[in-house]
Peer 1: 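My questions all concern the structure below.
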Amino acid sequence: MEPAVAFTGLTKRFGALTALDGVSASIWPGRLTGIVGPDGAGKTTLMRLLAGLLMPGEGQIRVAGHDPVGEVDAVKAAIGYMPQRFSLYEDLSVMENMTLYADLRAVPKSERPATFERLLAFTRLGPFRQRPAGKLSGGMKQKLGLACALMGSPRVLLLDEPGVGVDPVSRQDLWAMVKDLTDDGMAVVWSTAYLDEAERCASVLLFNEGRILFDGPPEELTGQLADRSFKLLAPGADRRELLRQTVNLAEVSDGVIQGDAVRAVTRETGIPASLKALAAAAGATVAPVPARFEDGFIDLLGGGPGGESALADAFEPVSLDVAVPVRCKDLTRRFGEFVATDAVSFEVGRGEVFGLLGPNGALFCGRLWAERAGESRARHRDDRDFRP
């Protein structure tokens, strides 16, 4: 089997900035490959090079057997590309955008009705075919972008951070659609800064500062952290303070608040004596937990930032005259017949980090939030992941 994408010694500079520094890898058909890394790692630069939108400074690229530099038309015919930002015409309807892309991809007119219906069904956009793209939700815009990128049945699909700004429900739809595409033999390249998304890929290229730190299945990286991830459970303790003390230990690589516990990743296998002593002093129990891909990535970077924040230390303490700075009671807002919020009540106390959760269009959780406001406020510190 030939790789769907291959690049060797690929380098790209923008003035004094080296976006990609001599990277080499292969991407295979029938597989979801994640291009993973923080902002500025080189992900979008790589995607644009593969799409033929940028010229490499050094190195070679092959996409579907073609050179994006010398065979631009062949590469464009072989790929579908969805850029990071919504690039369709917001004043055109769903169908008008799809028709435009069919024109650009030279889809025969005799094939268009069947192609449109297939893509509308695939993306669940059938009921919205006449809606202007600018009035779609974030998730629906991503699905429309995917439908247009799939016009012409590409062999390689390049998705540049498709999960950004998409609610969890729409993101699940995107994952299901991508699985169907890879099952049909398409090579799908999904760039992301979300490490939970990386765990769902068959293979990942982990980038940082223009270099590849890891190339392989996510479980291969997490396997390197066996017996190095632990949970400290201390009922009633100040978890933020416990986290600060934990990540300040020299033997601890990283830590986060996870639910009602503090999760710690150690630099060596086993529970270090310093962590045991800290847990004992806090009245906490320590138990091993499975490693996550995020643990492996942070460990590759040399560990987390520690428990002190120079930025936070630079701020003067904030003094408020009221105990509850924000209070909403029975808040309702309608747009015509659409009820955006329905009798929503909640409070935000001093020193609280207050989250608004829900899919696109939820704005909150309607009456469900009103019924659970007290419980949710009491549990406002149950962060899934929190770093000081």
Peer 1: So does R267 pair up with E251, basic N to acidic O under 4.0 Å?
Peer 2: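 No, this pair does not count.
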Peer 1: Looking at T222 and A291, what are the two nearest heavy atoms and their distance?
Peer 2: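 Distance-wise, the nearest heavy atoms are O-CB, 3.7 Å.
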Peer 1: Shortest non-hydrogen contact from A343 to T332?
Peer 2: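 Heavy atoms of A343 and T332 come nearest at N-OG1, 3.0 Å.
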Peer 1: Please confirm whether the backbone N or O of T11 pairs with a side-chain atom of E58, one donor and one acceptor, at under 3.5 Å?
Peer 2: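 Not a single qualifying donor-acceptor pair exists.
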Peer 1: I'd like to know if the side chain of S24 and the backbone of G9 have a donor-acceptor N/O pair within less than 3.5 Å.
Peer 2: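 Judged by distance alone, yes, a pair lies under 3.5 Å.
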Peer 1: What verdict does the side-chain contact (heavy atoms from CB on, under 4.5 Å) test give for V326 and F354, after you've listed the backbone C-alpha separation in whole Å, the side-chain angles of each residue and the deciding distance to 0.1 Å?
Peer 2: CA-CA 10 Å; V326 178; F354 194 84; over 6 Å; no
Peer 1: Counting C-beta onward and ignoring hydrogens, is there a side-chain heavy-atom pair between D295 and R263 closer than 4.5 Å?
Peer 2: yes
Peer 1: Please tell me whether L157 and L119 are part of a single hydrophobic cluster in this structure, the criterion being side-chain heavy atoms less than 4.5 Å apart.
Peer 2: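 Same cluster.
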Peer 1: Does R228 use its side chain to pair, donor to acceptor, with the backbone of T266 at less than 3.5 Å?
Peer 2: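 Looks like yes, one N/O pair under 3.5 Å.
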Peer 1: Do the side chains of L10 and L46 get nearer than 4.5 Å, heavy atoms only?
Peer 2: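 Yes, side chains in contact.
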Peer 1: Does the distance from a Lys or Arg side-chain N to an Asp or Glu carboxylate O, for R112 and D103, drop under 4.0 Å?
Peer 2: yes
Peer 1: May I ask you to decide if M186's main-chain N or O and D184's side chain share a donor-acceptor pair within less than 3.5 Å?
Peer 2: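 No; zero donor-acceptor contacts below 3.5 Å.
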Peer 1: Could you see if V262 belongs to whatever hydrophobic cluster contains L275? Use Ile, Leu, Val, Met, Phe, Trp, Tyr and a side-chain cutoff under 4.5 Å.
Peer 2: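 Yes, V262 connects to L275 through the hydrophobic network.
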Peer 1: Any side-chain heavy atom of T123 within less than 4.5 Å of one from F128?
Peer 2: no
Peer 1: Is a donor on one side and an acceptor on the other found under 3.5 Å between the side chain of N97 and the backbone of Y89?
Peer 2: yes
Peer 1: May I ask you to decide if A6's main-chain N or O and S26's side chain share a donor-acceptor pair within less than 3.5 Å?
Peer 2: no
Peer 1: The test is side-chain contact (heavy atoms from CB on, under 4.5 Å); show your working for Y194 and E294 and say whether it passes.
Peer 2: CA-CA 9 Å; Y194 298 149; E294 179 176 343; over 6 Å; no
Peer 1: So, the side chain of S229 versus the backbone of V265: is there a donor-acceptor pair under 3.5 Å, distance only?
Peer 2: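 Absent.
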Peer 1: Does some side-chain heavy atom of K12 sit less than 4.5 Å from a side-chain heavy atom of R48?
Peer 2: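 Side-chain contact under 4.5 Å: no.
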Peer 1: Output the distance between atom CZ (R327) and atom CZ (F346), rounded to the nearest 0.5 Å.
Peer 2: 11.5 Å
Peer 1: Would you give the length of the straight line joining atom NZ of K135 to atom CE of M140, rounded to the nearest 0.5 angstrom?
Peer 2: 12.5 Å
Peer 1: Do the side chains of F297 and V204 get nearer than 4.5 Å, heavy atoms only?
Peer 2: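 A side-chain contact under 4.5 Å is absent here.
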Peer 1: Using 30° and 60° as the class boundaries, would you call the ring planes of F214 and F293 parallel, tilted or perpendicular?
Peer 2: perpendicular
Peer 1: Just how far is it from atom CG of L125 to atom CE of M95, taken to the nearest 0.5 Å?
Peer 2: 11.0 Å
Peer 1: Should we count CZ of F14 as having more than 12 external heavy atoms under 6.0 Å?
Peer 2: yes
Peer 1: Same hydrophobic cluster for V107 and L146, using side-chain heavy-atom links shorter than 4.5 Å among ILVMFWY?
Peer 2: yes
Peer 1: Does this structure show an ion pair linking E197 with R200, if we count only N-O contacts that are shorter than 4.0 Å?
Peer 2: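 Result for this pair is no, no salt bridge flagged.
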Peer 1: Is atom CD of E71 surrounded by more than 12 heavy atoms (other residues, nucleotides or ligands) closer than 6.0 Å?
Peer 2: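 Yes.
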Peer 1: Hey, are the side chains of L221 and L300 touching, using non-hydrogen atoms and a 4.5 Å cut-off?
Peer 2: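 Yes - at least one pair of side-chain heavy atoms lies under 4.5 Å apart.
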Peer 1: Would you check, one step at a time, whether the test side-chain contact (heavy atoms from CB on, under 4.5 Å) holds for L20 with F7?
Peer 2: CA-CA 12 Å; L20 293 174; F7 47 91; over 6 Å; no
Peer 1: Any chain of hydrophobic side-chain contacts (each under 4.5 Å) joining M47 to V36?
Peer 2: no
Peer 1: For the OG atom of S345 and the NZ atom of K329, what is their distance to the nearest 0.5 Å?
Peer 2: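 S345 OG to K329 NZ: 5.0 Å, rounded to 0.5 Å.
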Peer 1: Counting N and O atoms only, with roles assigned by atom type, does the side chain of E117 sit under 3.5 Å from a partner on the main chain of P113, one being a donor and the other an acceptor?
Peer 2: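 The answer is no, because no donor-acceptor pair under 3.5 Å joins these two groups.
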Peer 1: I'd like to know whether CZ of R155 has more than 12 heavy-atom contacts from other residues, nucleotides or ligands below 6.0 angstrom.
Peer 2: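 For R155, atom CZ is not crowded (no more than 12 foreign heavy atoms under 6.0 Å).
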Peer 1: If you look at every heavy atom in A133 and L144, which pair is closest and at what distance?
Peer 2: CB-CD2, 3.9 Å
Peer 1: Please lay out, stage by stage, how M98 and C148 fare under the test side-chain contact (heavy atoms from CB on, under 4.5 Å).
Peer 2: CA-CA 6 Å; M98 293 178 65; C148 292; 4.3 Å; yes
Peer 1: For the pair K43 (side chain) and P38 (backbone), establish whether a donor and an acceptor sit closer than 3.5 Å, ignoring hydrogens and angles.
Peer 2: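 Yes: the side chain of K43 pairs with the backbone of P38.
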Peer 1: Would you say D180 and F122 make side-chain contact, with heavy atoms under 4.5 Å?
Peer 2: yes
Peer 1: Is it the case that atom CD in E241 sees more than 12 heavy atoms from other parts of the structure closer than 6.0 Å?
Peer 2: yes
Peer 1: Can you name the closest pair of heavy atoms from D254 and G304 and give their distance?
Peer 2: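 Looking at all heavy atoms of both residues, the closest pair is OD1-CA, 3.7 Å.
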Peer 1: For the CG atom of L50 and the OH atom of Y81, what is their distance to the nearest 0.5 Å?
Peer 2: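 The OH atom of Y81 is 9.5 Å from CG of L50, to the nearest 0.5 Å.
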Peer 1: Could you measure the distance from the CZ atom of R62 to the CG atom of D67? Nearest 0.5 Å is fine.
Peer 2: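 Here the interatomic distance stands at 6.0 Å.
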Peer 1: Hydrophobic cluster membership, with links at side-chain heavy-atom distances under 4.5 Å among I/L/V/M/F/W/Y: are I79 and L54 in one?
Peer 2: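 I79 and L54: one cluster.
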Peer 1: Could you tell me which non-hydrogen atom of L278 sits nearest to which non-hydrogen atom of T246, and how far apart they are?
Peer 2: CD2-OG1, 3.5 Å
Peer 1: Do the non-hydrogen side-chain atoms of K143 and M177 ever get within less than 4.5 Å of each other?
Peer 2: yes
Peer 1: Please report the closest heavy-atom contact between L225 and G296, naming both atoms and the distance.
Peer 2: CD1-CA, 3.6 Å
Peer 1: Okay, side chain of T33, backbone of S203: is any donor-acceptor separation there less than 3.5 Å?
Peer 2: no
